[in-house]
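Provided herewith is a single structure, encoded as structure tokens, for subsequent inquiry.
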Amino acid sequence: MNTTRQQKIASLLQKELANIFLQDSKSIYNCMITVTKATITSDLSIARGYLSIYMAPNNDKDLVIAAIRANTKDIRFRLGQKIKNQLRVVPQLEFFIDDTLDYMENIDRLLKQ
């Protein structure tokens, strides 16, 4: 059960992370990355970002998410620069692949058979 404060902070984090990935996705990760959802723990210490990664079919999403996880410290620093006036402490960041679109496409394909 999320409180109103958690929902507001998660929304803020989603928006700012989306801006960061919008700037970096083409040049660093060579794909398009969107933040589909952000959640935060009740003590506001850990934020989880769910990412949808759009890329050429021959590329591997696991390599992109590994690169993002390797750059988590830099992403957290940049996020801190953007939200320093809204939050006292920048939460630790965790990133996951959001595969709901793939799941929905698979269900549609199965239903059409």
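Because the structure is a prediction, the values reported are computed rather than measured.
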(request) Could you grab the distance from atom CZ of F77 to atom NZ of K82, nearest 0.5 Å is fine? (result)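 One gets 12.0 Å once the value is rounded to the nearest 0.5 Å.
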(message) So does I40 get a backbone contact from the side chain of Q6, meaning a donor-acceptor N/O pair under 3.5 Å?
(response)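 A pair under 3.5 Å: yes.
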(message) When you measure from the side chain of T36 to the backbone of S52, do you find a donor-acceptor pair of N or O atoms at a distance under 3.5 Å?
(response) no
(message) As an exercise, state the distance from CD of E16 to OG of S11, rounded to the nearest 0.5 Å.
(response) 10.0 Å
(message) Quick one, R48 and T41 - any side-chain contact, counting heavy atoms below 4.5 Å?
(response)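 In contact.
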(message) Once rounded to the nearest 0.5 Å, what's the spacing between atom CG of D24 and atom CZ of R78?
(response) 4.0 Å
(request) Treat each ILVMFWY residue as a node, draw an edge where side-chain heavy atoms are under 4.5 Å apart, and state whether L87 and V35 are in one component. (result)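 In one cluster: yes.
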(request) Any chance you could measure D99, atom CG, to N106, atom CG, to the nearest 0.5 Å? (result) 10.5 Å
(request) Decide yes or no for Q113 and L110: does some side-chain heavy atom of the first lie under 4.5 Å from some side-chain heavy atom of the second? (result)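 Of all side-chain heavy-atom pairs linking L110 with Q113, at least one is under 4.5 Å.
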(request) Taking the side chain as every heavy atom from C-beta outward, state whether L13 and I83 have any atom pair closer than 4.5 Å. (result)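 Side-chain contact under 4.5 Å: yes.
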(request) Taking the side chain as every heavy atom from C-beta outward, state whether T100 and Y50 have any atom pair closer than 4.5 Å. (result) no
(request) With the side chain counted from C-beta on, respond yes when L44 and R5 share a heavy-atom pair under 4.5 Å apart, and no when they do not. (result) yes
(request) State, to 0.1 Å, how close I20 and L79 come at their nearest heavy-atom pair, and which atoms those are. (result) CD1-N, 3.7 Å
(request) Output yes when a side-chain donor or acceptor of R76 lies under 3.5 Å from a complementary backbone atom of P91, and no otherwise. (result) yes
(request) Any chance you could measure Q7, atom CD, to I9, atom CD1, to the nearest 0.5 Å? (result)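 Answer rounded to 0.5 Å: 11.0 Å.
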(message) If you define the side chain from C-beta out and look only at heavy atoms, does anything of D62 sit under 4.5 Å from I97?
(response) yes
(request) Write down the atom of I65, the atom of F96, and the distance for their closest heavy-atom approach. (result) CD1-C, 4.1 Å
(message) Can you tell me how far apart CD1 (I68) and CG (D74) are? Round to the nearest 0.5 Å.
(response)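 These two atoms lie 12.0 Å from each other.
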(request) Determine whether I53 and Y103 fall in the same hydrophobic cluster, where Ile, Leu, Val, Met, Phe, Trp and Tyr are linked whenever their side-chain heavy atoms lie under 4.5 Å apart. (result) no
